[in-house]
Chemist: 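Take this structure first; my questions come after.
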Amino acid sequence: MIRTKGPELDLGRAANVFLNLSTDELHQHALERDACRVADNGAIVAFSGKYTGRSPKDKRTVREPSTESEIWWENNRALTPEEFARTRDELFEYAEGRELYVVDTYAGADPAYRIKVRFVVERAYHALFMKQLLIRPSAEELESFVPDWTIYNFCRHSLNPETSATGNDAIIALDFARRQVLIAGTEYAGELKKSVFTIMNFLLPRQGVMSMHCSANIGESGDVALFFGLSGTGKTTLSADPERRLIGDDEHGWSEQGVFNIEGGCYAKCIRLSAEGEPEIFHAIRHGAILENVVLDDSGVPDYDDPSLTENTRCAYPLEHIANAVHPSVGGHPKNIVFLTCDALGVLPPISRLSREQAMFYFLNGYTAKVAGTEAGVTKPEITFSTCFGAPFLPMRPKVYAELLGNQMDRHGAKVWLINTGWTGGGPGVGSRIKLRYTRAMIHAAFQGLLDQVDYSADPVFGLQIPHACPDVPSEVLNPRMTWPDMNAYDQAALELQALFVKNHQQYV
């Protein structure tokens, strides 16, 4: 056992344990002990090695009596308690004689639904990452901190594929009975934050709270908006709006009191990031922030246009780095809900208004394209259905989350919009990505009620209500069929996608 100033840590015989170091101390450790660099903007630059995105095939959930009936096993690969224990023993043996970092955090900005999460990691950059990504307890709170969950990340230990539970060198294993997570073989920091999200996606619905893979912001009048979507669809970019205050960029709960952030920081894609296009994110990258897998030039300037390491370059920073962030990161009930989809076929309209029935249909389908780099092996856009816009992080069956969303919508009222941030005029190589300035203009118009005053037409294939006009957006952009050089080709592609929608939805009926 190792004893520190805090509670006892079951870490075997580690050489040293650095407990709750400050941001400045972790910054220095990352440079001196973790082979990281510093960019000219002051951010730490870290490299995650072989894995530059999540590895969902290596994620496992322990199958045990107390939670077995609640888990969606078609979506969560099972691990026996014995396999978990063997893996844990192997990792704890590996930890002997090593220097480790312990970071104590909260998940959940609303104290009524908050959990205490302890991270035990071997890389200083991972410690800094989680200190900035979750909610930081006060010094007084740390004195009596006893974790509800512990996440162990011995990322530099590769498992033997011939004997490991995954058949691979990496594992992300969750045990809801032990309240522990084991991570090994992958140094990608995103596995840490998504493990917390998976935990909250199990705990919150049990308390009648809707857990959501979405960003959230709030307008001057107090109107809250939610942005659902997978990585690469624009959640972080579109919620970081200079005209609205940011609640959070990725993970939230929706209780009877309103919306609250699960995290205390942001984890944004930064490929092709620019000060002109995304100023809030660009200027949030400074001392205390982390750049992950971003190429630097010889003078330490980040080259955000360089995808040579991965398309999934990332930046992580605390909410305080966003000038208009909300503290604490909570808000009322949302007036607008946006479903973001990156349509790789280029057939969905850039904005459409959904009925309640359509909202539930698209929520359960969760259609998008996996954008290059967000998962290991994804190098070009791939059509996918990720139910509830977050299937990889859902321990429970989709019906649980859909019913919670439907109930909250009915009780509190909200307009629902489908926004395509993907292609128009055809798919990759034929069409082009919808311009960010058009997407922002459409969202602003929707939130300001300007689209309540225009005429709509129902799309003949999808039945979506498409506005005839939107301020600052050319009218021909609003109707996707009109952007295709070959309208017959559009009709065929749209019919094929609608057939896929209907087929995929059948499993949830």
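All of these numbers come straight from a predicted model, not from anything done at the bench.
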Chemist: Contact between Pro392 and Lys59 at the side-chain level, heavy atoms closer than 4.5 Å - yes or no?
Modeler: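 Sidechains of Lys59 and Pro392: no contact.
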Chemist: Are Leu133 and Tyr317 close enough that some pair of their side-chain heavy atoms sits under 4.5 Å apart?
Modeler: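 No, too far: nothing below the 4.5 Å cut-off.
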Chemist: Counting only heavy atoms not in Met487, do more than 12 sit closer than 6.0 Å to its CE atom?
Modeler: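 Yes - once you tally the heavy atoms of other residues, nucleotides and ligands closer than 6.0 Å, there are more than 12.
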Chemist: Can you confirm if the aromatic rings of Phe339 and Phe228 lie within a centre distance of less than 6.0 Å?
Modeler: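 Yes; Phe339 has its ring centre under 6.0 Å from that of Phe228.
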Chemist: Can Phe176 and Trp149 be said to form a ring-ring contact (aromatic ring centres under 6.0 Å, His included), step by step?
Modeler: CA-CA 9 Å; Phe176 287 104; Trp149 277 77; 5.7 Å; yes
Chemist: Verify whether the ring centers belonging to Phe260 and Tyr113 lie closer than 6.0 Å.
Modeler: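 Yes, close enough.
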Chemist: Kindly give the heavy-atom pair with the smallest separation between Ala107 and Val117, and that separation in Å.
Modeler: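 Smallest heavy-atom distance, with atoms named: CB-CG2, 4.2 Å.
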Chemist: Do the non-hydrogen side-chain atoms of Phe282 and Ser274 ever get within less than 4.5 Å of each other?
Modeler: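 No, side chains not in contact.
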Chemist: Is it true that the NZ or CZ of Arg397 lies under 6.0 Å from the centre of Trp72's six-membered ring and within 45 degrees of the ring axis?
Modeler: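 Arg397 over Trp72 ring: no.
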Chemist: If we ignore angles and hydrogens, is there a donor and acceptor under 3.5 Å between the side chains of Ser457 and His468?
Modeler: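 Checked: Ser457/His468 side chains pair up, N/O donor to acceptor below 3.5 Å.
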Chemist: Do Arg353 and Tyr456 meet the cation-pi criteria used here (NZ or CZ under 6.0 Å from the six-membered ring centre, within 45° of the axis)?
Modeler: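 Flagged: Arg353 positioned over aromatic ring of Tyr456.
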Chemist: With distance as the sole test, does Ser239 use its side chain to make a donor-acceptor pair with the main-chain N or O of Thr236 at under 3.5 Å?
Modeler: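 Yes; at least one donor-acceptor contact below 3.5 Å.
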Chemist: A side-chain contact here means heavy atoms from C-beta on lying under 4.5 Å apart; do Cys388 and Leu394 qualify?
Modeler: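 A side-chain contact under 4.5 Å exists here.
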Chemist: Ignoring hydrogens and geometry, is there a side-chain-to-backbone donor-acceptor pair from His333 to Glu256 under 3.5 Å?
Modeler: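 Yes, His333 side chain to Glu256 backbone: donor-acceptor pair under 3.5 Å.
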Chemist: Can you tell me if Tyr267 and Glu292 form a side-chain donor-acceptor pair at under 3.5 Å?
Modeler: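 The criterion, which ignores hydrogens and geometry beyond distance, is satisfied for Glu292 and Tyr267.
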Chemist: Gln507 and Asn504: side-chain donor and acceptor closer than 3.5 Å?
Modeler: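 Yes - a donor-acceptor pair under 3.5 Å links their side chains.
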Chemist: How close do Ser195 and Glu191 get, counting heavy atoms only, and between which atoms?
Modeler: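 Reported closest heavy-atom pair: OG-O, 2.7 Å.
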Chemist: Would you call Glu251 and Lys193 a salt bridge, using N to O less than 4.0 angstrom?
Modeler: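 Salt bridge between Glu251 and Lys193, a charged N being under 4.0 Å from a carboxylate O: yes.
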Chemist: So, Asp343 versus Tyr367: side-chain donor-acceptor pair below 3.5 Å or not?
Modeler: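 Yes, because at least one side-chain N or O of Asp343 sits under 3.5 Å from a partner of the opposite role on Tyr367.
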Chemist: Within the 3.5 Å criterion, strictly below it, is a donor on Glu357 or Ser355 matched to an acceptor on the partner's side chain?
Modeler: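 Glu357 vs Ser355: no donor-acceptor pair found between side chains.
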Chemist: What orientation do Tyr125 and Phe129 show, parallel under 30°, tilted 30 to 60°, or perpendicular over 60°?
Modeler: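 Ring orientation of Tyr125 relative to Phe129: perpendicular.
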Chemist: Test of understanding: with side chain to side chain contact (heavy atoms under 4.5 Å, CB included), list the residues that count as partners of Lys435, not counting sequence neighbours.
Modeler: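 Only Arg437, Tyr438 meet the side chain to side chain contact (heavy atoms under 4.5 Å, CB included) criterion with Lys435.
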Chemist: Mind jotting down which residue pairs meet the side-chain hydrogen bond (donor to acceptor under 3.5 Å, both in side chains) criterion with at least one end in residues 443-455? Sequence neighbours excluded, please.
Modeler: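 Qualifying pairs: Asp241-His444, Lys415-Asp452.
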Chemist: Minimum heavy-atom separation for Ala170 and Thr166, please, with both atom names.
Modeler: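 That closest heavy-atom pairing would be O-OG1, 2.9 Å.
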Chemist: Taking the six-membered ring for Trp, are Phe501 and Phe361 parallel (under 30°), tilted (30 to 60°) or perpendicular (over 60°)?
Modeler: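 Correct class here is perpendicular.
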Chemist: Which residue, Thr424, Val473, Thr483, Val454, forms the side-chain contact (heavy atoms from CB on, under 4.5 Å) with Leu478?
Modeler: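 It is Val473, the one option of Thr424, Val473, Thr483, Val454 that forms the side-chain contact (heavy atoms from CB on, under 4.5 Å) with Leu478.
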Chemist: Would you say Asn153 and Leu192 make side-chain contact, with heavy atoms under 4.5 Å?
Modeler: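 SC-SC contact between Asn153 and Leu192 confirmed.
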Chemist: Taking all atoms of both residues into account, what is the closest heavy-atom pair of Phe119 and Met130, and its distance?
Modeler: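 Shortest heavy-atom separation between Phe119 and Met130 comes out as CZ-CE, 3.5 Å.
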Chemist: Among residues at least two apart in sequence or on other chains, which ones pass side-chain hydrogen bond (donor to acceptor under 3.5 Å, both in side chains) with Thr237?
Modeler: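 Testing Thr237 for side-chain hydrogen bond (donor to acceptor under 3.5 Å, both in side chains), a comparison that skips the adjacent residues, returns Glu278.
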Chemist: Any donor and acceptor pair, going by atom type alone, linking the side chain of Thr105 with main-chain N or O of Ile135 inside 3.5 Å?
Modeler: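 Here the side-chain-to-backbone pair does not exist.
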Chemist: Shortest non-hydrogen contact from Cys36 to Ala46?
Modeler: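 That closest heavy-atom pairing would be SG-CB, 3.8 Å.
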Chemist: Run the ring-centre check on Tyr401 versus Phe363 and record whether the distance is less than 6.0 Å.
Modeler: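 Centroid separation for Tyr401 and Phe363: 6.0 Å or greater.
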Chemist: Looking only at heavy atoms, what is the nearest atom pair of Ile383 and Ala344, with distance?
Modeler: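 Heavy atoms of Ile383 and Ala344 come nearest at CG1-CB, 4.5 Å.
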Chemist: Counting heavy atoms not belonging to Gln506, are there more than 12 under 6.0 Å from its CD?
Modeler: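 Counting neighbours around CD of Gln506, more than 12 heavy atoms of other residues, nucleotides or ligands fall under 6.0 Å, so yes.
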Chemist: Using side chain to side chain contact (heavy atoms under 4.5 Å, CB included) as the criterion, list what pairs up with Arg356, not counting sequence neighbours.
Modeler: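 With neighbours one apart ignored, the set is Met360, Met409, Asp410.
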Chemist: Applying side-chain hydrogen bond (donor to acceptor under 3.5 Å, both in side chains), can you list everything that pairs with Arg244, at least two apart in sequence or on another chain?
Modeler: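 By the side-chain hydrogen bond (donor to acceptor under 3.5 Å, both in side chains) rule, Arg244 matches Asn217, Asp223.
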Chemist: Which pairs count as side-chain hydrogen bond (donor to acceptor under 3.5 Å, both in side chains) when at least one residue sits in residues 200-214, sequence neighbours excluded?
Modeler: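 side-chain hydrogen bond (donor to acceptor under 3.5 Å, both in side chains) check on residues 200-214 returns Glu70-Arg206, Lys194-His213, Asn201-Ser211, His213-Asp250.
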Chemist: Judged by atom type as modelled, is there a donor-acceptor pair below 3.5 Å linking the side chain of Asn261 to the main-chain atoms of Ile247?
Modeler: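 A pair under 3.5 Å: yes.
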Chemist: In this structure, are over 12 heavy atoms from other groups packed under 6.0 Å from Asp297 atom CG?
Modeler: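 Enclosed: over 12 neighbouring heavy atoms sit under 6.0 Å from CG of Asp297.
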Chemist: Do His412 and Trp254 pair up side chain to side chain, a donor and an acceptor below 3.5 Å, judged on atom types alone?
Modeler: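 Their side chains do not contain a donor-acceptor pair, so the 3.5 Å distance test is not met.
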Chemist: Looking just at side-chain N and O atoms, do Thr52 and Asn312 make a donor-acceptor pair shorter than 3.5 Å?
Modeler: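 Short answer, no.
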Chemist: Checking side-chain contact (heavy atoms from CB on, under 4.5 Å) between Leu340 and each of Leu238, Thr439, Asn420, Thr368, which is the one that passes?
Modeler: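 Option passing the side-chain contact (heavy atoms from CB on, under 4.5 Å) with Leu340: Leu238.
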Chemist: Give a yes/no verdict on a cation-pi contact between Arg114 and Tyr106, requiring under 6.0 Å between NZ or CZ and the six-membered ring centre and an angle within 45° of the axis.
Modeler: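 Cation-pi check for Arg114 and Tyr106: passes.
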